[in-house]
Amino acid sequence: TGDGEKKISAKTIECIKARGGGESTGRMVGGSVGASVGSGLSSIPFVGWVLAGAASMIGMNEGAELGGNMAERFTDACEEELK
């Protein structure tokens, strides 16, 4: 640790942890929603399995983003980070 290094505050660490937890939960929920939507797409001949997989992946990515944003908003430690 040099003199010019910046240290991460405990609040910043708490905010990072909250966002990570929110993203993890959101990815799980989004994947479930995407898979349920994808099950209907899988019956399309030739490309159904590709569409079903894409729906699941899109659901996971969007769920992670939404979950992370919600966790930041509802965590007191992130209030300073959002300003």
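One is the number of the first residue; the rest follow in order along the sequence.
Side chain of T12 to backbone of I8: no donor-acceptor contact under 3.5 angstrom is found. Remark: the backbone N or O of G20 is not paired with any side-chain donor or acceptor of S24 at under 3.5 angstrom. Counting only distance, with no hydrogens or angles, the side chain of S56 and the backbone of A52 share no donor-acceptor pair below 3.5 Å. Between the side chain of S36 and the backbone N or O of V33, at least one donor-acceptor pair lies under 3.5 Å.
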(Q) side-chain contact (heavy atoms from CB on, under 4.5 Å) for E14 and D76? Distances and angles first, verdict last. (A) CA-CA 9 Å; E14 186 178 340; D76 293 336; over 6 Å; no
Q.
side-chain contact (heavy atoms from CB on, under 4.5 Å) for N61 and R27? Distances and angles first, verdict last.
A. CA-CA 6 Å; N61 290 339; R27 188 174 308 277; 3.4 Å; yes
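Both V47 and L41 sit in one connected hydrophobic cluster of ILVMFWY residues. Membership requires side-chain heavy atoms under 4.5 Å apart, directly or through other members. Both L66 and F74 sit in one connected hydrophobic cluster of ILVMFWY residues. Membership requires side-chain heavy atoms under 4.5 Å apart, directly or through other members.
The shortest side-chain heavy-atom distance between R73 and M70 does not fall under the 4.5 Å cut-off. Considering only heavy atoms from C-beta on, E72 comes within 4.5 Å of C15 through its side chain.
Note: E65 CD to E23 CD = 6.5 Å, rounded to the nearest 0.5 Å.
The two residues G40 and S43 have their closest heavy-atom pair at O-OG, 3.0 Å.
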